**Student:** 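Have a look at the structure that comes next, please.
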Amino acid sequence: MILARLPFALALTATAIACGDAGGDADPGAAASNGLVATTTIWADITSRVACGEPVRALIPAGADPHGFEPSLRDRELLEAADVVIANGSGLEDSLADLLDTVAGDGVNVVEMTTHIDVLPAGDDADEEDEHGADEHGHGGGDPHVWQDPTRVAGALDVIASALTATDRDPAAIERCLDEYRAELLALDAEIADMIERLPREQRFLVTSHDSLAYFADRYELTVVGTVIPSVSTLAEPSSAALADLADAIALHDVQAIFTEQLGSAAEADALAARLDVAVVPLVTDALTGDADADTYVELLRHNAASIAEALAP
C-alpha cells in the first residue's frame, strides 16, 4: 500500500523563501544575510530542512539548468559572503568550479556533497575524468545526479548538519530537524519502492532525455535502456547513429515511454517517440520548479516516481 502523504508545509515555506528570489540579479547582501547558500534549488531545500526551515539561498535559480549555469559578479559576492556553501560536485556545476575553489581558498566552508556519497560511474562521460576519477578541478568524478536516490541523500545529511553546527546554530535543534527529515526521506523511499514493485519486471525499462536517472534505476531495480543524449550533461548533443541505436533498443525491449525533462529540448525525444509510437512523459529532474508537484525535493521525487510508475504500468 502507498504510504500517506507526509506533511511538508515547513519544506514548502523554506523553499519559497530560499528559491523565490534566486538568480544573479538579486541583492546578494540581503539574500545571504544568514550565511547559508547552496548551488542548486534541490540542495537549498534539503539544507533548509536540516536547518529547521532557515532560508537557504539557491545560487542557480528554480527551473534553470545547473549543467549550463553561468555565474555573475553578484553571484561571486554572494558566495564570498557565505558562511556555508552546499555544492553538489561531480561536475554538475562545472561553470562554478573555479569560483567555488576560489572562495573555499579564501576561507568559505564549501561542502561538496558527492565526496560524501557513493557515486555511480558516469557512463559515456567517464573518459573526461582523469585516472583518479576526478575532473580538471580535482573534484570527484562520476554521475552527479545523486539526489535521485533519497537514501543516498538521507545518509549524507550528517555532513550538512556538521557544517551548520560549526557556525553559531543550535546543535540540538539541528540534530532534531535532521532526524525528522531523514525519517521523511526514508518513508518516501519506501513509498517509491512500493510504487515500482507493482510493475512487472519485463516493463521496468527507462529511456530518458539525458542520463539523469541512473541512481533512481539503481535504487528501485529498473534498467536504463538508453538516453536520447548519451551523457550525464544536458549540454551534449545526440548523434544520428546514437538515436538509431536507441530506436533499436526501444523496439527490442518494448519500451512504453520516453521520459523527457524540463531543462532541455525535447525535440529529438518527441520525434523518436512519434516514429516508434511510444508515449512521451515529462519529468522534473535537475531543479525544483514553482509547481506544487516539484517545489520541494520530496515532492519532486514523489511526482517523478508516480509518473514513471503510471507510464510503465500494464
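All heavy atoms count here, side chains included; hydrogens, waters and symmetry mates do not. Bear in mind the structure is a predicted one, so any value in this text is a computation, not a measurement.
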**Student:** Could you list the residues that satisfy side-chain hydrogen bond (donor to acceptor under 3.5 Å, both in side chains) with Thr165, not counting sequence neighbours?
**Tutor:**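 Thr165 satisfies side-chain hydrogen bond (donor to acceptor under 3.5 Å, both in side chains) with no other residue.
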**Student:** Please round to the nearest 0.5 Å and tell me the distance separating atom CG of Leu99 and atom CG of Asp75.
**Tutor:** 8.0 Å
**Student:** Is the backbone N or O of Val103 less than 3.5 Å from a side-chain atom of Asp106, with the two atoms forming a donor-acceptor pair by type?
**Tutor:** no
**Student:** Any ion pair linking Asp194 and Arg198 (charged N to carboxylate O, less than 4.0 Å)?
**Tutor:** yes
**Student:** Is the shortest side-chain N to carboxylate O distance from Arg201 to Glu221 below 4.0 Å?
**Tutor:**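 Salt bridge flag = yes for Glu221 with Arg201.
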**Student:** Would you sort out whether Arg76 and Thr102 count as a side-chain contact (heavy atoms from CB on, under 4.5 Å), showing the intermediate values?
**Tutor:** CA-CA 10 Å; Arg76 180 181 183 121; Thr102 297; 3.6 Å; yes
**Student:** Can you tell me how far CG of Leu252 sits from CG of Asp248, rounded to the nearest 0.5 angstrom?
**Tutor:** 8.5 Å
**Student:** So which atom in Ser307 and which in Leu283 form the shortest heavy-atom distance, rounded to 0.1 Å?
**Tutor:** CB-CD2, 3.8 Å
**Student:** Could you tell me whether the side chain of Glu261 and the main chain of His210 form a donor-acceptor pair under 3.5 Å?
**Tutor:** yes
**Student:** Excluding sequence neighbours, so at least two apart, what forms side-chain hydrogen bond (donor to acceptor under 3.5 Å, both in side chains) with Trp43?
**Tutor:** Asn88
**Student:** Name the residue from Val108, Val56, Leu36 that meets the side chain to side chain contact (heavy atoms under 4.5 Å, CB included) definition with Val84.
**Tutor:** Leu36
**Student:** Any donor and acceptor pair, going by atom type alone, linking the side chain of Arg152 with main-chain N or O of Asp118 inside 3.5 Å?
**Tutor:** yes
**Student:** Please name all residues satisfying ring-ring contact (aromatic ring centres under 6.0 Å, His included) with Phe216, sequence neighbours left out, ordered by chain then number.
**Tutor:**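 Phe216 satisfies ring-ring contact (aromatic ring centres under 6.0 Å, His included) with Tyr220 once adjacent residues are dropped.
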**Student:** Using every non-hydrogen atom in the two residues, find where Val153 and Val146 come nearest and quote the distance to one decimal.
**Tutor:**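 It is CG2-O, 4.3 Å.
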**Student:** Roughly how far apart are Asp101 CG and Leu96 CG, rounded to 0.5 Å?
**Tutor:** 10.5 Å
**Student:** If you apply the rule side-chain hydrogen bond (donor to acceptor under 3.5 Å, both in side chains), what do you find for Asp45 with Ser48, and how did you get there?
**Tutor:** CA-CA 5 Å; Asp45 181 55; Ser48 179; 5.7 Å; no
**Student:** Between the main-chain N or O of Leu288 and the side-chain N or O of Thr41, is there a donor-acceptor pair closer than 3.5 Å?
**Tutor:** yes
**Student:** Provide the closest heavy-atom pair for Ala161 versus Ile174 in the form atom of the first, atom of the second, distance.
**Tutor:** CB-CG2, 3.7 Å
**Student:** Check whether any side-chain N or O of Arg219 sits under 3.5 Å from a backbone N or O of Pro150 as a donor-acceptor pair, and report yes or no.
**Tutor:** no
**Student:** Indicate yes or no for a side-chain donor-acceptor contact from Asp143 to the backbone of Ser212 under 3.5 Å, with no hydrogens or angles considered.
**Tutor:** no
**Student:** Look at the side chain of Gln256 and the backbone N and O of Ala279, then say whether any donor-acceptor pair between them is shorter than 3.5 Å.
**Tutor:**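 It does not hold such a pair.
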**Student:** Which pair of non-hydrogen atoms, one from Val110 and one from Ala104, has the smallest distance, and what is that distance?
**Tutor:** CG2-CB, 3.9 Å
**Student:** Counting distance only, does the side-chain N/O of Thr114 pair as donor-acceptor with the main-chain N or O of Ile117 below 3.5 Å?
**Tutor:**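 Not a single qualifying donor-acceptor pair exists.
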**Student:** If you round to the nearest 0.5 Å, how far is OG of Ser90 from CD of Glu112?
**Tutor:** 6.5 Å
**Student:** Output yes when a side-chain donor or acceptor of Thr47 lies under 3.5 Å from a complementary backbone atom of Ala44, and no otherwise.
**Tutor:**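 No, because the side chain of Thr47 does not come within donor-acceptor range (under 3.5 Å) of the backbone of Ala44.
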**Student:** Testing the basics here: between Val280 and Ala269, what is the closest heavy-atom pair and its distance to 0.1 Å?
**Tutor:** CG2-O, 4.3 Å
**Student:** Would you check if the side chain of Arg182 reaches a backbone N or O of Ala154 as a donor-acceptor pair within less than 3.5 Å?
**Tutor:** yes
**Student:** Is Arg74 salt-bridged to Glu77, going by a charged N under 4.0 Å from an acidic O?
**Tutor:** no
